[in-house]
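Take a look at the structure set out below.
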Amino acid sequence: MNMAATMMEIGPIFALILVGFLPNEVWRVLGLMLVSGLDEDSQILVWVRAVATAMLAGVLAQLVLSSSGALGTVPVGVRVGAALLGFAAFLIGKRSVFLGVLTGELAIVAGALVFGT
Amino acid sequence: MTMEPYLALLLLGVLPSEMWRWIGILVGRGLDEESEIILWVRAVATALVAAVVARIVLIPPGALAAVPLWVRLVALAGGVGAFYGIRRSAFAGVLVGEAILVIGMLAFGG
Amino acid sequence: MTAAETTPPRSTMQAFRDGLVAAWTSVFVLVLLGNYVGIGALAYEFGFSLNWMLLSTVLVWAAPAQVILISTLNTATLIEVALAVTLSSVRFLPMVVALLPMLKTKEGGPGRLVLPMHLTAISVWVEGMRLLPGRPAPERVPFYNGLGIGLLAAACLASVIGYVLAARLPTILAAALLFLTPMALLMSVSRNSKTLIDKLAFGFGLVVGPVLAAHKVGLDLMWTGLIAGTAAYVIHRIREAAR
Amino acid sequence: MAGFLLGVRTASTSVFAFVIAVTYIGFGALCHDYGFPVGWAMLSTAIQWAGPAQVILVTALGSGTAAIETAVAVGLSSVRLLPLVVALLPVVKSERTKPWQLIVPVHFMAVSVWIESMRLAPSIPREQRIGFCNGLGTTLVSIGVICTGIGYYMQGILPLVFGAAAMFITPISFLTSAVRGARLLMEKAALIFGLTLGPLLALNKIEFDLLWTGVIGGTIAYGIHRVQRMRSAGS
C-alpha cells in the first residue's frame, strides 16, 4: 500500500493542484453554493454527482474485470456475461434491483461451475 | 512509510465522508460567525500558521541558515516587541525584526 | 461615497478600472507586497520553479496556505499537506458567505459569481466589504473583480521580485528576505488576533510545532494544529464558563 | 425513548434492512479478499456508513493507490451526504436542539436511512424525531456491521464458487441501484463513461486513473446534460 506518495512521484504542478488548490478552493465553492442556494440542481452539485457516479462505475468495472481473490478464479467472460444477464433481468423486471442481483448471482455460480477451473 | 490500515481508514475513509455531514449541520443551522465549531477551527488554523512560522525560523531553508539560531530568535522577539511597543503597527515590527537580523548577521554571521 | 448612488451606473469597464485603482491605492498593497516578496524568496529557497510559484499565487491565492505548501511539500506526505492546507483555509467559507450576497443581482446567475468567489482573500475581502456598499448594484461585480485582480497582479509582481532577488542577492539580504515571511505572518496574526483564543493558539503553536517536528512525529503539522488549537479553545471555554 | 423504539421497529421491518444486509455481506467478502482484517471491515461500516465511499476506499487501498487520491475520491463520492443533511435538519430539529445533539443522528444519514427518516419523521411528534432517527440508524448500522462480519467469514469458508458470487454482489447491486436512481440522462451517461473509461485507464497504468475516470467521464456527461438542457430550452 503506497500510502506515502510525496510530491516527487507526481510532479510539483499536479501536487499543487491536488493538495494546494483543491483543499483551499473547496471552502470558497461551498460558500458560493450556500449563497446561491443549496438546492438539488445547483450546477456545482450536479457536476460533482456526475463525477462521483462515473468514478464509482469505474471502480465497479475494475472490480469485475481484474478482480483478485475469489472472483479471480472465474473466467472474465463468465463474470461479464453474468453482469450483462443480471442487468438484462433488472431491465425486464421493470428496474427491480432484487431481480437483477438474483439473476446475476445465479448466472455467475452456474457459469463458474460450468466453465470454472 | 506505508500508512497503517486503521489510520488510513480514519484519515482517508472517515474524514472525507464525515466532513460533509458536519458541514451539513453547520449549513443547516445557519453559519453564525461565533458558533463554537468555527471558533475551534479558527484556533486550529492559527496554531497551524504558528507551527509553520516556527518551522521556517528553526529549520530555515537556504540563506536563512547562514544566520545563527539565536540571532533569528532575537530578531523575531525584537519584531514582536516593536509591534506591541509602537502602537501595534506591523510595519514597525517587520522593520525592527529585519534590522536586528541583518545587524546580527553582520556581527556574528558565519 | 454615497454620492455614487445618484450618478448613472457606468459601464462595466469603468467599474472594473475603478476596482483596479482602488486595489493599487489601498493600504493592503504594502502588506501584500511584503507577504509575497517573502513567499517568492521562500519558493526559490525551497527549490520550486518560478512558474510553479506564480501558478500557486494565482490558483491558491492565500498566503498562509501557500507558505504551508512551500515549506512542507518537499518533506511531508501529500495527505498531511492537504490536511494542513484544508484546515488553514476554512476561513474562506464564512468570508464568501458574508460577501457574495452583496454582489448578487436579480438577473445574474451564480456563474457570474465564480470569479469574485475565487478572488476572495483577506485583503480583497476587507477592502471589498468596505467599498462595495458605496457602489450601485450592477457595478459591484466588475468593481470587485477589478479590486481582486489588481491585488492579485500586485502579489504576482511582488512574488517574482522576491524570487529573482533571492536568487541573486548576497546571502545576507537573501536571509533578510526569507525572514520577511515569518515576520509578516507573525505580524498579521498578532494584529487580527484580538481575542485571547487566537493569542493562545498562536503561542501554543509556536511551542508545540517544533517539539513535535523534533521528535519526528508523523503528521506533525496536523497534530500541532489540533493539539495547540484545541488547548487554546478549551482554556477559552473554561474562562468563558468561569465568568 | 419512544421515538428510538419506533425507529428500531421501523428499521427491522423495512425493505432497506434486507438491501443493507445483502450489500454488506458483499462488502465483507470484498474486504476479506483485499486482505483487510475483519475488525477493520466492520469498523469501516460502523464509522463510515457510506456504501460507495467504503467500496472506493477498500479497492483503492487494496490496489496501492496514493493516499491523497484515495482521500479525494472518497471525499467526492460522499458529497451527496451534504444536501441530505441540510434537507433533513429542518424536519428533525426543534429550537432548543444543540448542534452536538445532531452529530449522532447525522452520522447515520445515508440514502436508505434518509429516505425512511424523511418519509416517517413528519408523522411523529417533533421531540421524538431525533430519537427516531437514532433508532432507525442504530438498527440499520448494526445490521450492516453484523452482515459485514458474516460476509467476511463466509468468504473464508465458502467454496470458491460461492466466494466469487459473494464478491460479485457489490458490483451488480451497486450498478443496478445506480441505474435505478439515475433520473437524468447525465447520470446514465456518467455510468457508461465510468464503466468504459475506468478499466481503460487502469489497464494503461495511468497515474490517478480513479480521479481521471471520475473527472473526465463526469465532465463529459455534464456537458451532454447542459447541451441537452440548452436544446430543450431553445426548441
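With a 4.5 angstrom heavy-atom cutoff, B:F91 does not touch chain C via any of its atoms. Proximity to chain B is absent for every atom of C:L169, based on heavy atoms less than 4.5 angstrom apart. Only the side chain of C:L83 has a heavy atom closer than 4.5 Å to any heavy atom of chain B. Both the backbone and the side chain of B:A75 come within less than 4.5 Å of a heavy atom of chain C. For B:L15, the part lying under 4.5 angstrom from a heavy atom of chain C is the side chain only. Residue contact with chain C, scored on non-hydrogen atoms closer than 4.5 Å, involves the backbone and the side chain of B:V94 alike.
C:T224 contributes atom OG1, which lies 8.0 Å from atom CZ of B:R55 (distance to the nearest 0.5 angstrom). The line from CE of C:M183 to CG of B:L76 is 6.0 Å long, rounded to the nearest 0.5 Å. The distance from atom OG1 of B:T46 to atom CZ of C:F202, rounded to the nearest 0.5 Å, is 8.5 Å. Taken from CG in C:L87 to CZ in B:R42, the straight-line distance is 14.5 Å, to the nearest 0.5 Å. C:L93 contributes atom CG, which lies 7.5 Å from atom CG of B:L26 (distance to the nearest 0.5 angstrom). A distance of 6.0 Å separates OG1 of C:T181 from CD1 of B:I56, quoted to the nearest 0.5 Å.
Each of C:I68, C:I172, C:V67 has some count of heavy-atom pairs under 4.5 Å with chain B, and the biggest count is that of C:I172. Chain B forms the most heavy-atom pairs under 4.5 Å with one residue out of C:L221, C:I197, C:I227, and that residue is C:L221. With chain B as partner, the option from C:G229, C:S71, C:A84 having the largest number of non-hydrogen pairs under 4.5 angstrom is C:G229. Contacts with chain C were tallied for B:V80, B:V49, B:I59, B:L101; B:L101 has the most, counting heavy-atom pairs under 4.5 Å. Counting heavy-atom pairs under 4.5 Å between each of C:F204, C:Y233, C:Y44 and chain B puts C:Y233 at the top. No other option in B:V53, B:L58, B:I23 has as many heavy-atom pairs under 4.5 Å with chain C as B:V53. Note: C:A176 leads C:P210, C:G209, C:A176, C:A98 in heavy-atom pairs under 4.5 Å with chain B. Between chain B and the options C:A201, C:A231, C:G203, heavy-atom pairs under 4.5 Å are most frequent for C:A201.
B:P60 has its side chain out of reach of C:L178: every pair of non-hydrogen atoms, C-beta onward, lies at least 4.5 Å apart. A 4.5 Å side-chain heavy-atom check between B:P61 and C:L42 finds at least one atom pair inside the cut-off.
Nearest heavy-atom pair across B:E98 and C:F179 is OE2-C, 3.5 Å. The two residues C:A175 and B:A63 come nearest to each other via the heavy atoms N-CB, 3.7 Å.
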